[in-house]
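Because only heavy atoms are used, hydrogens play no part in the values below, and waters and symmetry mates are left out as well, while side chains stay in. Residue numbers count from 1 along this sequence.
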Amino acid sequence: MQEIVIGKDRFLVAELIGKGGEGEVYAIKGRAGQAVKIYNSGLRAEREDKVRAMVGEGLAVKTDLVAYPGEVVTDHRGNFLGFVMRLILGYRPLHELYSPKSRQRHFPKADYRFTVHAALNVARAVGKVHQTGCVIGDLNHSGVLVAQDATVALIDADSFQFNLNGKSYPCVVGVPDFTPPELHGKNLASVHRTIEHDNFGLAVAIFHLLFKGRHPYAGRYKGPDISMGDAIAQNRFAFSLARKAATQTSPPPGALTLDMFPDVVSRAFESAFGLTPSARPSALDWIHALNALEGSLNHCSKIKTHYYPGTAGGCVWCKLTASSGFDMFPDLTAVEPNIPTDARGTEQAIREILAFRFPTVADLLPAAAKPRGASSALREARSGKRGRALMGLLMMGGAVAGFIFAAPAWFVWIGLAIWGGSPSPTER
């Protein structure tokens with residue numbers, strides 16, 4: 001087990017929490033609520049100055065929404081290894097909330113109110129980063145985490161662009177789908193990021209959430225097929241109402257449209273994905289817009305888990321379910337099993353079946369006239385044989401019913417079937 005040094009104290013790393021291209025993240029024995037990121041050996045020299053600058057500036061104590069470097073970590077010889085940060089547990093990447101199928105698996109109780117509130121919290125977290133003097137730069141779906149109560153945390157803070165004492169520590173990476181048009185085709189390692197660049201990525205993240213996984217630039221283009229990067233670089237916002245003719249692109253079938261949302265939200269998206277970077281809404285602008293959306297949500301009169309923008313004119317989820325067959329927010333409580341699924345239900349079913357009294361031969365057979373010339377013994381033998389055959393059929397039928405309605409008691413039904421199918425001693 002690896003030993004690390006934090007300040008003057010030595011600690012042991014605990015379980016591995018995650019790993020990526022830069023290094024590994026571990027819990028720390030004796031440090032509840034904290035984790036350590038240990039860089040791969042080849043990256044330590046180039047990351048050390050930036051991490052020490054972030055720690056020295058005290059960014060970690062300025063907000064609990066971001067996993068900023070809080071303390072420097074070394075080995076016992078004083079060689080730089082990485083940093084201590086807030087331990088974030090129970091959170092999922094943003095895309096697992098906005099992707100419909102992943103959301104139903106990882107956030108089964110989340111309705112559209114939850115989605116809107118999570119978007120609001122994403123804007124708040126990004127706003128906190130900007131208040132600390134940093135620019136995220138590489139804002140993307142994996143660096144934003146969401147908890148089951150819709151709270152949000154940002155990770156990978158050591159990649160944020162940071163300035164201290166006239167020195168800039170850049171963000172050298174970026175995800176194309178979240179990169180603004182003006183940066184496509186440029187070397188991101190040499191680009192000075194701005195808040196306007198972050199505002200584009202923030203708008204993409206919010207769009208993903210509100211439009212349930214749709215990308216703002218993924219639509220039906222009237223020209224030849226182009227990549228997502230080209231669509232962004234060419235400013236072809238697929239959902240635009242103001243620039244629909246210029247973009248020559250329309251939303252894909254089955255998608256929500258801007259006119260379903262309050263004006264403050266639709267205008268914000270038009271500005272975020274328009275032609276003027278400085279006009280992009282800030283985190284604070286989005287907080288105001290999403291607060292308005294949150295207050296305008298209506299409750300569907302048919303499906304209790306459906307909430308929708310009041311300006312949509314009706315439940316958009318019911319309409320999409322009718323056209324696609326897939327319910328974005330199904331009412332899982334409406335589906336109830338019609339057979340016992342718990343131990344008590346199974347035991348009750350077994351007791352009821354075992355208490356059933358099979359009718360006797362006398363109950364089922366009409367009284368038969370005595371055949372002339374037949375001896376008393378022969379009549380009894382014939383009657384007994386028919387009775388045993390009928391009893392065997394009834395027992396076999398009971399076994400089949402038992403397998404259908406109370407399968408957990410299979411051992412009872414197998415015995416009943418064997419008993420009913422066995423020949424009598426006189427037939428062997």
Side-chain angles (χ1 to χ4, degrees), residues 16-27 33-40 42-44 46-55 57 59-73 80-98 118 121-147 151-164 168-180 183 188-189 191 193-195 197-202 204-205 208 283:
L16 177 66
I17 296 172
K19 61 189 304 182
E22 293 188 342
E24 299 174 333
V25 177
Y26 296 88
Q34 294 186 322
V36 57
K37 179 174 181 178
I38 299 178
Y39 289 109
N40 295 333
L43 288 175
R44 293 171 189 171
E46 64 181 85
R47 297 302 172 86
E48 182 174 1
D49 285 350
K50 183 177 183 180
V51 169
R52 288 187 180 278
M54 286 183 152
V55 170
E57 187 64 9
L59 297 177
V61 300
K62 293 182 178 181
T63 174
D64 59 358
L65 301 181
V66 185
Y68 275 123
E71 296 174 89
V72 173
V73 173
F80 176 78
L81 295 178
F83 61 89
V84 175
M85 62 181 174
R86 172 190 169 195
L87 177 58
I88 300 176
L89 294 176
Y91 287 67
R92 308 294 306 184
L94 187 68
H95 63 84
E96 291 185 357
L97 174 59
Y98 65 64
N121 285 336
V122 172
R124 287 174 175 149
V126 172
K128 282 292 186 181
V129 172
H130 294 162
Q131 287 177 358
T132 65
C134 294
V135 173
I136 297 173
D138 185 25
L139 197 164
N140 65 74
H141 56 278
S142 297
V144 181
L145 305 183
V146 186
T151 57
V152 167
L154 303 184
I155 59 173
D156 297 330
D158 52 318
S159 72
F160 293 178
Q161 179 177 283
F162 174 62
N163 298 297
L164 182 65
S168 178
Y169 300 92
C171 173
V172 299
V173 291
V175 173
D177 288 5
F178 287 77
T179 300
L183 296 187
L188 297 180
V191 170
R193 307 297 182 93
T194 67
I195 289 179
H197 297 154
D198 274 1
N199 289 342
F200 180 88
L202 172 59
V204 172
H208 271 314

Note to self: Could you walk me through whether Glu48 and Arg52 satisfy the salt bridge (Lys or Arg N to Asp or Glu O under 4.0 Å) test, starting with their C-alpha distance in whole Å, then the side-chain angles of each, then the deciding distance to 0.1 Å, before giving a yes or no?
What the structure shows: CA-CA 6 Å; Glu48 182 174 1; Arg52 288 187 180 278; 2.9 Å; yes

Check: Is a side-chain donor or acceptor of Asp198 paired with a backbone partner of Gly137 at a separation under 3.5 angstrom?
Finding: yes

Check: In terms of side-chain heavy atoms, does Thr63 have a donor or acceptor partner in Tyr68 at a distance below 3.5 Å?
Finding: no

Check: Short question: side chain of Asp156, backbone of Ser159 - any donor-acceptor pair under 3.5 Å?
Finding: no

Note to self: I need the Glu22 CD to Arg47 CZ distance, nearest 0.5 Å.
What the structure shows: 4.0 Å

Check: Got a second to check how far Lys19's NZ is from Glu24's CD, nearest 0.5 Å?
Finding: 4.5 Å

Check: Hey, does the side chain of Lys62 reach the backbone of Val129 with a donor-acceptor pair shorter than 3.5 angstrom?
Finding: no

Next item on the list: Taking all heavy atoms of His95 and all of Ser142, pick out the closest pair and write down the distance.
Entry: CD2-OG, 4.5 Å

Note to self: Let me confirm one number: the CG-NZ distance from Leu65 to Lys128, rounded to the nearest 0.5 Å.
What the structure shows: 7.0 Å

Check: How about Cys171 and Ile136: do any of their side-chain heavy atoms sit closer than 4.5 Å?
Finding: no

Margin query: Rounded at 0.5 Å granularity, tell me how far OG1 in Thr194 sits from CG in Leu183.
Written below: 7.5 Å

Checklist line | Residue among Leu188, Val175, Thr179 satisfying side chain to side chain contact (heavy atoms under 4.5 Å, CB included) with Asp138 | finding: Val175

Item checked: Evaluation steps, side chain to side chain contact (heavy atoms under 4.5 Å, CB included), between Phe83 and Val51 -> CA-CA 7 Å; Phe83 61 89; Val51 169; 3.7 Å; yes

Notebook entry, point to check: How far apart are the closest heavy atoms of Leu139 and Gly201, and which atoms are they?
Noted result: CD2-O, 3.9 Å

Item checked: Atom of Gly70, atom of Val55 and distance for their closest heavy-atom approach -> O-CG1, 3.5 Å

Note to self: Is any side-chain heavy atom of Tyr26 closer than 4.5 Å to one of Leu16?
What the structure shows: yes

Notebook entry, point to check: How close do Gly21 and Asn40 get, heavy atom to heavy atom, and via which atoms?
Noted result: O-ND2, 2.9 Å

Next item on the list: Might you point out which heavy atoms bring Ala147 and Tyr91 nearest each other, and give the distance in Å?
Entry: N-CD2, 3.5 Å

Notebook entry, point to check: With respect to Val36, which candidate in Val25, Ile17, Val73 satisfies the side chain to side chain contact (heavy atoms under 4.5 Å, CB included) definition?
Noted result: Val73

Next item on the list: Quick one: do Leu164 and Glu57 satisfy side chain to side chain contact (heavy atoms under 4.5 Å, CB included)? Show the steps, please.
Entry: CA-CA 8 Å; Leu164 182 65; Glu57 187 64 9; 3.2 Å; yes

Check: Will you find, in the side chains of Tyr39 and Asp158, an N or O donor that is under 3.5 Å from an N or O acceptor?
Finding: yes

Checklist line | Test log, rule side chain to side chain contact (heavy atoms under 4.5 Å, CB included), inputs His208 and Leu94 | finding: CA-CA 9 Å; His208 271 314; Leu94 187 68; 5.8 Å; no

Notebook entry, point to check: With a 6.0 Å cut-off on ring centres, are His197 and Phe178 close enough?
Noted result: no

Check: Which heavy atom in Ala157 sits nearest to a heavy atom in Pro69, and how many Å separate them?
Finding: CB-CD, 4.5 Å

Check: Regarding Ser168 and Asn163, is there a side-chain donor-to-acceptor distance under 3.5 Å anywhere?
Finding: yes

Checklist line | Arg124 side, atom CZ; Thr151 side, atom OG1 - distance, nearest 0.5 Å | finding: 11.5 Å

Check: Side chains of Leu145 and Leu154: closer than 4.5 Å at any heavy-atom pair?
Finding: no

Notebook entry, point to check: Going through the checks in order, is the side chain to side chain contact (heavy atoms under 4.5 Å, CB included) test met by Asp177 and Val204?
Noted result: CA-CA 8 Å; Asp177 288 5; Val204 172; 5.8 Å; no

Item checked: Any donor-acceptor N/O pair, Arg86 side chain to Asp64 backbone, under 3.5 Å -> yes

Margin query: Working to the nearest 0.5 angstrom, can you tell me the gap between His130 NE2 and Phe160 CZ?
Written below: 8.5 Å

